[in-house]
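Single-structure report; data block below.
These numbers come from the heavy atoms of this one structure, side chains and all, not from hydrogens, waters or symmetry mates.
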Amino acid sequence: MSVIQERGSSADSVVRRFTKYLNGPMGKSVLDNLEEGEDFILHTSNRTFRVTKRNGRAVVELHQKQLT
């Protein structure tokens, strides 16, 4: 998988919203169940994200499957 750079796009907006949600009160239970450095993949209808716990906070990165 590789990180996509889509600055200023709707993808950027989705990353910001997931980051805000996961680092807010509603996402606390998700982060509480992750160890530092642990990550998971989140799939939406048209995007794939990797969420990693770093310094006690969620870091959301946009990913796309590589074509083989």
Using a 3.5 Å distance criterion without hydrogens, assess whether the side chain of [X] forms a donor-acceptor pair with backbone atoms of [Y].
X	Y	answer
His63	Glu61	yes
Asp39	Val51	no
Lys53	Leu34	yes

Side chain to side chain donor-acceptor pair (under 3.5 Å) against Asp32, all qualifying residues, sequence neighbours excluded: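 With sequence neighbours excluded, Asp32 shows a side chain to side chain donor-acceptor pair (under 3.5 Å) to Lys28, given in chain and number order.
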
Quick one: side chain to side chain donor-acceptor pair (under 3.5 Å) partners of Lys20, sequence neighbours excluded?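 With sequence neighbours excluded, Lys20 shows a side chain to side chain donor-acceptor pair (under 3.5 Å) to no residue whatsoever.
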
Value rounded to 0.5 Å, distance of CG in Asp12 from CG in Leu62: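 Here the interatomic distance stands at 8.5 Å.
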
Measuring from Arg50:CZ to Thr52:OG1, what's the distance to the nearest 0.5 Å?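 Taking CZ in Arg50 and OG1 in Thr52, the distance rounds to 6.0 Å.
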
Considering residues, nucleotides and ligands other than Glu36, do more than 12 of their heavy atoms fall under 6.0 Å from its CD?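 For Glu36, atom CD is crowded (more than 12 foreign heavy atoms under 6.0 Å).
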
Can you confirm whether Asn55 is buried at CG, in the sense that more than 12 heavy atoms of other residues, nucleotides or ligands lie under 6.0 Å from that atom?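 No, because the 6.0 Å sphere around CG of Asn55 holds 12 heavy atoms or fewer from other groups.
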
Taking all non-hydrogen atoms of both residues, which atom of Ala58 and which atom of Asn23 are closest, and how far apart?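 Shortest heavy-atom separation between Ala58 and Asn23 comes out as N-OD1, 2.6 Å.
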
Quick check: closest heavy atoms across Val60 and Leu22, and the distance to 0.1 Å?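 Residues Val60 and Leu22, closest heavy atoms: CG2-CD1, 4.0 Å.
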
The test is side-chain contact (heavy atoms from CB on, under 4.5 Å); show your working for Phe18 and Leu42 and say whether it passes. CA-CA 10 Å; Phe18 272 116; Leu42 175 66; 3.5 Å; yes

Shared hydrophobic cluster, Val59 / Met26 (ILVMFWY, side-chain heavy atoms < 4.5 Å):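 Not linked; separate clusters.
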
